[in-house]
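Taking it in order: structure first as structure tokens, then the write-up.
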Amino acid sequence: MQLQIRNLSKTYPNGVRALRGVDLTIGAGMFGLLGPNGAGKSTLMRTIATLQDPDGGSVRFGDIDVLTQKDRLRGVLGYLPQEFGLYPNLSAEAILDHFAVLKGIVDPKQRRTQVAALLEQTNLTAARKNAVGGYSGGMKQRLGIAIALLGRPQLVIVDEPTAGLDPTERHRFLNLLADIGDDVVVILSTHIVEDVRELCSQFAIIAAGEVKFSGAPEAVVGGLRGKIWRRVVARAELDDMQKRLRVISTRLVTGRPVIHVYHEGSPGPEFESVEPDLEDVYFYHITGAAQGAASEAA
Ligand SMILES: Nc1ncnc2c1ncn2[C@@H]1O[C@H](COP(=O)(O)OP(=O)(O)OP(=O)(O)O)[C@@H](O)[C@H]1O
């Protein structure tokens, strides 16, 4: 099955253009949708999940026209939204059983088997009888993915699931996603570059409602080779550097700012060339978007 998004656009009533002609083709496996806050990721995810309508464009999943055949899409969809509520007094087992009924798994034996398997898969078997109000953030996210996986969906959408998780829980969660299955289309929306690097064979960068890049992580890195330059700078120099050069990122290393600059050829003797990584690609595209937006506003 393949998800095909064509020329999708959405402008909210307040005038924000959240999606500007988005085109994406997403096949089976893990697909990362990477973008900063406000890029339009949730708008895109909610549109694919049939929770809101775009102004224009089309979305197809296999032979399903997602925008008009919403019930058909919902029958094959598992969706973990960015924020979701759980009845705090209920146990994970009771909640999963409840959602399984909603998903149409009416046979009690079949339901019990599937709920038990998902509790096991998400490492919640030991805590299955506990009220979820007492769960940690990571446990709640794992329960969320268990709910999304009920009914063996063909299309799984997870919207920023690792934000706020500690490193152990984050890895546990990513491993869970990696195990969903090769024949399922899984879309992971995130602003964390590491999530994509660790998990996704294909990804897209979205910023200011536009797809800036789509493809394989290793393919995109090559395009920046020889053009990323690194330098440790004094804090007082930062402003000047940012005015003169295309500084794509500033990180602190042992308290001192280290900048990465995009430049054809060396920007100066104090700079050293570095092998680009996915983070450089990401910052290159999103700073380009920010510069574009700034010049648009000017
Ligand atoms: N219901 C709404 N009404 C008006 N503007 C909205 C609405 N939902 C989102 N927006 C705006 O649309 C833009 C895209 O938002 P969206 O939530 O899709 O981005 P995002 O990439 O998911 O960001 P975040 O990671 O912050 O959730 C933002 O500028 C946001 O403020």
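Other residues, nucleotides and ligands contribute only 12 or fewer heavy atoms inside 6.0 Å of the CG atom of D182. Surrounding OH of Y12 are more than 12 heavy atoms belonging to other residues, nucleotides or ligands, all under 6.0 Å away.
A salt bridge between D195 and R170 is present, with a side-chain N of the basic residue lying under 4.0 Å from a carboxylate O of the acidic one. The residues E272 and R231 are annotated as not salt-bridged, no charged nitrogen and carboxylate oxygen being separated by less than 4.0 angstrom.
In this structure, T162 OG1 and Q141 CD are separated by 8.5 Å, a value rounded to the nearest 0.5 Å. Taken from CD1 in I192 to CG in L174, the straight-line distance is 8.5 Å, to the nearest 0.5 Å. Distance check, rounded to the nearest 0.5 Å: CD of E83 to CD of E160 gives 10.0 Å. A distance of 13.0 Å separates CD in Q69 from CZ in F61, rounded to the nearest 0.5 Å. If you take CD1 on I105 and CG on D97, they are separated by 9.5 Å, rounding to the nearest 0.5 Å. Annotation: the span from N130 atom CG to E93 atom CD amounts to 10.5 Å, rounded to 0.5 Å.
Taking all atoms of both residues into account, the shortest heavy-atom contact from D159 to S42 is OD2-OG, 2.9 Å. The minimum heavy-atom distance linking I95 with Y87 is given by the pair CD1-O, 3.9 Å. Heavy-atom minimum distance, L150 versus A100: CD1-N, 3.6 Å. In terms of heavy atoms, R142 sits closest to T122 at NH1-O, 3.0 Å. What you find for V196 and L34 is that their closest heavy atoms are CG2-CD1, 4.1 Å. Of all the heavy atoms in A207 and I286, the pair that sits closest is CB-CG2, 4.1 Å.
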Stepwise side chain to side chain contact (heavy atoms under 4.5 Å, CB included) test for T47 and K10 = CA-CA 10 Å; T47 308; K10 174 72 180 177; 5.8 Å; no

Start with the C-alpha distance between L165 and K140, add both sets of side-chain angles, then the distance that settles side chain to side chain contact (heavy atoms under 4.5 Å, CB included), and finish with yes or no.
-> CA-CA 10 Å; L165 297 188; K140 283 182 186 156; over 6 Å; no

Would you sort out whether Y262 and T287 count as a side chain to side chain donor-acceptor pair (under 3.5 Å), showing the intermediate values?
-> CA-CA 11 Å; Y262 173 86; T287 53; over 6 Å; no

Checking side chain to side chain contact (heavy atoms under 4.5 Å, CB included) for the pair F31/L3: CA distance, chi angles, key distance, verdict?
-> CA-CA 11 Å; F31 187 92; L3 185 73; over 6 Å; no

Test log, rule side chain to side chain contact (heavy atoms under 4.5 Å, CB included), inputs R197 and Y282 | CA-CA 11 Å; R197 193 191 347 254; Y282 175 60; over 6 Å; no

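Under the ring-ring contact (aromatic ring centres under 6.0 Å, His included) criterion, F283 pairs with no residue at all, not counting sequence neighbours. Partners of P217 by side-chain contact (heavy atoms from CB on, under 4.5 Å), not counting sequence neighbours, listed by chain and number: F203, L278.
L44 is not connected to V186 by any chain of hydrophobic side-chain contacts under 4.5 Å among Ile, Leu, Val, Met, Phe, Trp and Tyr, and they are in different clusters. Linking Ile, Leu, Val, Met, Phe, Trp and Tyr residues whenever their side-chain heavy atoms come within less than 4.5 Å leaves I157 and L118 in two separate clusters. I180 and M45 sit in two unconnected hydrophobic clusters of ILVMFWY residues. Membership requires side-chain heavy atoms under 4.5 Å apart, directly or through other members. Residues V185 and V59 fall within the same hydrophobic cluster, defined by Ile, Leu, Val, Met, Phe, Trp and Tyr side chains chained together at heavy-atom separations under 4.5 Å. Hydrophobic clustering (ILVMFWY, side-chain heavy atoms < 4.5 Å, transitive): Y79 and L96 are in distinct clusters.
In terms of modelled atom types and a separation under 3.5 Å, the side chain of K41 and the main chain of P36 share a donor-acceptor contact. A donor-acceptor pair under 3.5 Å links the side-chain atoms of N175 to the main chain of H171, judged by distance alone. W229 places a side-chain N or O within donor-acceptor distance of the main-chain N or O of H263, the cut-off being under 3.5 Å. Here the side chain of R128 pairs a donor or acceptor atom with the backbone of T125 at under 3.5 angstrom. For D280 (side chain) and D277 (main-chain N/O), a donor-acceptor pair under 3.5 Å exists by modelled atom type. With hydrogens and angles ignored, the 3.5 Å screen pairs a side-chain donor or acceptor of Q114 with a backbone N or O of G151. For R20 (side chain) and A208 (main-chain N/O), a donor-acceptor pair under 3.5 Å exists by modelled atom type. A donor-acceptor pair under 3.5 Å links the side-chain atoms of R74 to the main chain of T50, judged by distance alone. Remark: side-chain polar atoms of R246 are paired, donor with acceptor, to backbone N or O of Y284 under 3.5 angstrom. Side chain of E237 to backbone of A234: a donor-acceptor contact under 3.5 angstrom is found.
Between D23 and V211 there is no side-chain heavy-atom pair separated by less than 4.5 Å. By the 4.5 Å heavy-atom criterion applied to side chains, C200 and L188 are counted as neighbours. S136 has its side chain within reach of E169: a pair of non-hydrogen atoms, C-beta onward, lies under 4.5 Å apart. Under the 4.5 Å side-chain criterion, counting only non-hydrogen atoms from C-beta, L67 is not in contact with L73. Put simply, the side chain of I48 reaches to within 4.5 Å of the side chain of L155, judged on heavy atoms. Two residues are said to be in side-chain contact when any heavy atoms from C-beta on lie closer than 4.5 Å; L24 and L8 fail this criterion. At least one side-chain heavy atom of L86 sits under 4.5 Å from a side-chain heavy atom of I147. In this structure, the side chains of T250 and Q242 come closer than 4.5 Å at one or more pairs of heavy atoms.
Counting only N and O atoms by type, the side chains of R6 and T25 include a donor and acceptor under 3.5 Å apart.
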